There are 2 protein chains.
Amino acid sequence: MAAATIKDVAREAKVSVASVSRALNGGSGVTAATSERIRAAADRLQYIPHAAARMLITRRTHTIGALLPDLYGEFFSELIRGIDLAARARGLHLLVSSSHDGVEEAAVAVRSMQGRVDGLLILSGRVDAAFLRANLPRELPVVLLNSAVKNPMYHVLNVDNHAGAVAMVAHLIQAGHARVAFIAGPEGNFDARQREQGYRAAMAKHAPKAPLNILAGDFSEESGYRAGRELLAQKVRPRAVFAANDMMAVGCLTALKEAGVRVPQDIALAGFDDIPIARYVTPALSTVRVRIVDLGRVALEHLAGLLEGPDSSTASAQTLGCEIVVRESCGASVT
Amino acid sequence: MAAATIKDVAREAKVSVASVSRALNGGSGVTAATSERIRAAADRLQYIPHAAARMLITRRTHTIGALLPDLYGEFFSELIRGIDLAARARGLHLLVSSSHDGVEEAAVAVRSMQGRVDGLLILSGRVDAAFLRANLPRELPVVLLNSAVKNPMYHVLNVDNHAGAVAMVAHLIQAGHARVAFIAGPEGNFDARQREQGYRAAMAKHAPKAPLNILAGDFSEESGYRAGRELLAQKVRPRAVFAANDMMAVGCLTALKEAGVRVPQDIALAGFDDIPIARYVTPALSTVRVRIVDLGRVALEHLAGLLEGPDSSTASAQTLGCEIVVRESCGASVT
DNA sequence: GGCGCCAACGTAAACGTTTTCATGGGAAGT
DNA sequence: ACTTCCCATGAAAACGTTTACGTTGGCGCC
């Protein structure tokens, strides 16, 4: 016994298939009485409309695709959680394609999603306007996350890295550590660049006389460790270190500890991201938190808005705030 | 200019739609020359077959669904990564529905996936055979992960919690700590129960004279802390503690440290899962690692096997090994 | 009472594929 | 040279919906 089709329901309820469709979808154009009869019949047969048939005629899949790079634990799961919850609330399905690092990989992924999704959520450092033009039909709604794309044709949702970095650096300075050093992220990375600019801006504003002190890093723990060693070798050591992400802060912390430098008494330390580990290192790491669940949720809601009325007036760029979380490593909380 | 259809390609290549279909799919039943001409035409028009139309006639979606509970960071991302990579390797898409905790929620999720997927991957403590019978068509291939379902009708893939626990307890005992205590997981949890049984088995085998010492816990850090305090209050303290997961081990570690008990010199400690934090606490936590990426990969491959030949002889139950990773907290490695 | 209108309902086309079946033509076998 | 067979190809049905359009009947209005 194969799955029941709309014809079976029609026969069972003694109406035409058109009426069944109307009763189950719009509800208009059909008497309350017959509608009830149809519903009953559908229940009895455990009728579930064939998704593909509906997609074919409707040209709506009720599915959105998420294209994600190779992401680390917490961030990935929180992001998906946010997207998924918001999608479910809207009756949308979620087609995931993760762990893309190469551009070419991403290209085949989006192409293979063609026709299976109504819209796309893309988080990827490598994707730019040219890529989108080349690989996507112009009419497919897309929302870019954490993207450097400036073109107002494309909708982007960014974390306010700049403001977060400014807030943290300002906090460090106000805690009395004017000489703040910065451990930068990887060259091409958009987040990393914004955080660095935030550092520069905050220094210029709150400690204009203090020297800028920027060390190279690539977001890895090891690069943080190296930066820590470098920094210890400097003639005049900084009073505080702000790392562009938590992993580097952890690496740097290791270097400082090894050298017998006390954190935060000798050098204060702060990171960015608030990964779970931040809470567990000693001393607990001060950092900047971005509510990743919200990032996913807002992104999906933005996209859903585009689906309903592409011509609508939804702003093409949006920014998501972040908050600094003060723990022990920055030497401000008196515990 | 709407997307090109198979008819457009047919016209462009001056053949019938049937030939286009044959050339692009099987390749058989069509001359190499015409096939080439068709391919060229398809390329020129940037033809991408309409997925829904194909699903409708083929009754294959080339998509598998993943139903997941509210999972914590690392585990979730690794699992998805494994599933996703294996799926992509097979040309399958991945429809994700996560963060389900209630049974009812899960039920509507699987129902809404009806017809959109060729098979289902389910990880959930709450799902049992009755649920599956009630909510899924009998012919839909399903693979259960970490499930207590024993019914050979359903395919399940479990982590070998038992063996992992046995190995770790044996290791602790052989390191000279015969009196090993165990912090248990939540009551109904399948993994937790298996780990406890592993503890019991290993104790019975390697330290039959030592007393069993089992403390309550619920996988949370706080419950680990409470268990640690409890354990310190015991008249004769254990020489080692094996927690059913890492979070509890971390909580317990905090309790021990607070009491001035040295780890591992006074009491050795071990956990289960190898979450990232395990590496970063002091002393670094010995634990049992399960290769979660493999879990996802193997599960998907199993499911893919079912799709190809449901009648095939693939075993209905499978088990994935795990390995103990020795760090400082168990006092065995001489660093 | 006839006329027109509207609501409820049915009929059939359309969506874009795959696949079965029919048809043709050319090569091979006698 | 005629038959036989096979292989490439085309025509058309089928998949399960939605929806534009037609048809019916009842009701109000003149």
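Order of the sequence lines fixes the chain letters, A, B, ..., with proteins taken first and strands second; residue numbering starts at 1 for each chain. The structure presented is a predicted model; accordingly, all values stated were derived computationally and were not measured. Excluded from the calculations below are hydrogen atoms, water molecules and symmetry mates; all remaining heavy atoms, backbone and side chain alike, are included.
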Please report the distance, rounded to the nearest Å, between [atom1] in [X] and [atom2] in [N].
| X | N | atom1 | atom2 | answer |
| --- | --- | --- | --- | --- |
| Ile6(A) | dG10(C) | CD1 | P | 12 Å |
| Ile48(B) | dT17(C) | CD1 | C1' | 15 Å |
| Asn25(B) | dG16(C) | CG | P | 17 Å |
| Ile38(A) | dC9(C) | CD1 | P | 8 Å |
| Arg116(B) | dG16(D) | CZ | P | 17 Å |
| Leu24(A) | dT19(D) | CG | P | 13 Å |
| His62(A) | dT17(D) | NE2 | P | 14 Å |
| Lys7(B) | dA11(D) | NZ | P | 12 Å |

Out of [options], which has the shortest distance to the side chain of [X]?
| X | options | answer |
| --- | --- | --- |
| Val17(B) | dA12(D), dC9(C), dT17(D) | dA12(D) |
| Leu56(B) | dT18(D), dG10(D), dC15(D) | dC15(D) |
| Thr5(A) | dG16(D), dG10(D), dC9(C) | dG16(D) |
| Ser19(B) | dT17(D), dT9(D), dT19(D) | dT9(D) |
| Ala18(A) | dT17(D), dT17(C), dT11(C) | dT11(C) |
| Arg22(B) | dG10(D), dA8(D), dT18(C) | dG10(D) |
| Val30(B) | dG10(D), dT9(D), dT17(D) | dT9(D) |
| Thr34(B) | dT18(D), dT11(C), dT9(D) | dT9(D) |
| Ile57(B) | dT17(D), dG10(D), dT18(C) | dT18(C) |

Side-chain contact, heavy-atom cut-off 4.5 Å: Val15(B) with Val20(B)?
->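 A side-chain contact exists here, since the closest heavy-atom pair is under 4.5 Å.
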Does Thr31(B) make a side-chain N or O approach to OP1 or OP2 of dC7(D) shorter than 4.0 Å?
-> no
When you check the phosphate oxygens OP1 and OP2 of dG16(D), does a side-chain N or O of Arg54(A) lie under 4.0 Å from one of them?
-> no
Value rounded to 0.5 Å, distance of CD in Glu78(B) from CZ in Phe76(A) =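 Answer for the CD-CZ pair, Glu78(B) versus Phe76(A), is 10.0 Å.
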Nearest atoms (heavy-atom pairs only) where Met55(A) meets Ala52(B) =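 Minimum heavy-atom contact is CB-CB, 3.5 Å.
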Nearest heavy-atom neighbours spanning Ala86(B) and Arg297(B) | CB-CG, 3.9 Å
Looking for any heavy atom pair under 4.0 Å, which part of the strands does Ser21(A) touch: base, sugar-phosphate only, or nothing?
-> base
Scan Arg59(B) against the nucleic acid and name what it touches under 4.0 Å (heavy atoms): base, sugar-phosphate only, or nothing.
->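 Answer is sugar-phosphate: Arg59(B) comes under 4.0 Å of backbone atoms only.
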When you match Lys14(A) and His50(B) each to their closest nucleotide on DNA chain C, which lands nearer the 5' end?
-> Lys14(A)
Have Ser99(A) and Arg88(B) got a donor and an acceptor in their side chains that come within less than 3.5 Å?
-> no
Any Lys/Arg nitrogen of Asp43(B) or Arg39(B) sitting under 4.0 Å from an Asp/Glu carboxylate oxygen of the other?
-> no
